[in-house]
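Every number for a ligand or one of its atoms is a count from 1 in the order of the listing. Numbers here simply count residues along the sequence, with the first being 1. Everything numeric in this text was worked out from a predicted model, so none of it was measured. Only this structure's heavy atoms are used, side chains among them; waters, hydrogens and symmetry mates stay out.
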Amino acid sequence: MKISIIVAKAKNNVIGKDNQLIWKLSSDLRLFKKLTTGHHIIMGRKTYDSVGKPLPNRTSIVITRNRDLKLPEGHFVFHSFEDAIQLCISKKIEQLYIIGGAEIYRQALPLCDELIVTEVDAYPQGDVFFPEIDPNKWQEISRERFQRDEKNEYDFDFVIYKRNDQL
Ligand SMILES: NC(=O)c1ccc[n+]([C@@H]2O[C@H](COP(=O)([O-])OP(=O)(O)OC[C@H]3O[C@@H](n4cnc5c(N)ncnc54)[C@H](OP(=O)(O)O)[C@@H]3O)[C@@H](O)[C@H]2O)c1
């Protein structure tokens, strides 16, 4: 099973504030939708709350310590990150996306094969951060530039990193 983190982070690694995203980047949302549609996506409970419902045409897996949280049919709640991964292994899923937030990224980073990172040209204030990407562990394999326009608040790069020991 290939595990990919997908994240949009600012130059200062900020990824959110007050449990919200902090930019309007339509092109990035389009890339996110294209990649994740039809796949299983794992997220923390706070990210699930900020979205408010399962994203259409994807299987959502939400991690929480709350034993009462229920999701609509076809989606899953787990009480540990490891149990969520075990479900995906047992379902023989080929591609899994980890979609945040910061707490879940930190737990997923040692396990994942690929980082799909939207690097936003901004230094916003925020309260959640993506960990520093260690160049000894991760190698950039592609980078595509997107320019700011009326639907995209900032310039950004869409970058893919692979784990060094898998190259
Ligand atoms: N820029 C991006 O690409 C991006 C993507 C996603 C999210 N975000 C932003 O990130 C922020 C949310 O991130 P966050 O770090 O605050 O929260 P989070 O990672 O989304 O969720 C944290 C919650 O997940 C549960 N959890 C985490 N680890 C667990 C474990 N090992 N076992 C059981 N439950 C566990 C807990 O839920 P309970 O408290 O219910 O127990 C915890 O409070 C928001 O601002 C959001 O907008 C940004």
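Atom numbering of ligand 1 starts at 1 in the shown order; those under 4.0 Å from a heavy atom of Gly16 are 45 (O). Residue Ile104 has at least one heavy-atom neighbour below 4.0 Å for each of these atoms of ligand 1: 19 (O), 27 (C), 28 (N). Heavy-atom contacts of Val7 reach the following atoms of ligand 1: 3 (O) (cutoff under 4.0 Å). Under a 4.0 Å criterion applied to the non-hydrogen atoms of Lys17, ligand 1 contributes the atoms 45 (O).
Remark: distances from the non-hydrogen atoms of Tyr48 to ligand 1 are all 4.0 Å or more. At least one heavy atom of Gln107 lies less than 4.0 angstrom from ligand 1. Residue contact annotation: Lys9 has no non-hydrogen atom under 4.0 Å from ligand 1.
Nearest non-hydrogen protein atom to atom 41 (O) of ligand 1 is Arg65 N, 2.8 Å. For atom 3 (O) of ligand 1, the nearest non-hydrogen atom of the protein is Ala8 N, 2.8 Å. The single protein non-hydrogen atom nearest to atom 44 (C) of ligand 1 is Asn19 OD1, 3.3 Å, given as residue, atom name and distance. The nearest protein atom to atom 4 (C) of ligand 1, hydrogens excluded, is given as Leu21 CD2, 3.7 Å; this is a heavy-atom distance. For atom 7 (C) of ligand 1, the closest heavy atom belonging to the protein is Thr47 OG1, 3.2 Å. In terms of protein heavy atoms, atom 19 (O) of ligand 1 is closest to Gly101 N, 3.2 Å. For atom 11 (C) of ligand 1, the closest heavy atom belonging to the protein is Val128 CG2, 3.6 Å. In terms of protein heavy atoms, atom 35 (C) of ligand 1 is closest to Ile63 CG2, 3.5 Å.
Looking at Ile99 next to ligand 1, no N or O pair under 3.5 Å apart turns up. For the pair Thr64 and ligand 1, the shortest N or O to N or O distance falls below 3.5 Å. Residue-to-ligand polar distances keep Phe81 apart from ligand 1: every N/O pair is separated by 3.5 Å or more. By the 3.5 Å distance cut-off applied to N or O atoms, Arg45 is counted among the residues near ligand 1. Taking any N or O of Ala102, backbone or side chain, at least one lies under 3.5 Å from an N or O belonging to ligand 1. Geometrically, ligand 1 and His79 share a nitrogen or oxygen pair separated by less than 3.5 Å.
Within the 4.5 Å cutoff, side-chain heavy atoms of Leu69 are placed close to those of Val62.
For the pair Arg106 (side chain) and Ile104 (backbone), a donor-acceptor distance under 3.5 Å is absent. Distance alone, capped at 3.5 Å, places no donor-acceptor pair between the Glu144 side chain and the Phe158 backbone. At least one donor-acceptor pair under 3.5 Å links the side chain of His79 to the backbone N or O of Thr64. Not one N or O on the side chain of Asn152 forms a donor-acceptor pair closer than 3.5 Å with the backbone of Gln147. At least one donor-acceptor pair under 3.5 Å links the side chain of Asp155 to the backbone N or O of Arg148. Although no hydrogens or angles enter the test, the distance criterion places no donor-acceptor pair under 3.5 Å between the side chain of Tyr161 and the main chain of Asp113.
Here the CD1-CZ distance, from Ile98 to Phe81, works out to 4.0 Å after rounding to the nearest 0.5 Å.
At most 12 non-hydrogen atoms from other residues, nucleotides or ligands lie less than 6.0 angstrom from NZ of Lys151. Enclosure of atom CZ in Arg145 by more than 12 non-hydrogen atoms of other residues, nucleotides or ligands within 6.0 angstrom is indicated.
Asp157 has a carboxylate O that lies under 4.0 Å from a charged side-chain N of Arg143, or vice versa, which qualifies the two as a salt bridge. For the pair Lys11 and Asp121, the salt-bridge criterion is met [side-chain N within less than 4.0 Å of a carboxylate O].
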Which is it for Lys162 and Gln139 under the side-chain contact (heavy atoms from CB on, under 4.5 Å) test, yes or no, and what are the steps along the way?
CA-CA 5 Å; Lys162 294 269 190 225; Gln139 185 169 326; 5.6 Å; no
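The residue among Arg67, Arg106, Glu103 with a heavy atom at the shortest distance from atom 42 (C) of ligand 1 is Glu103.
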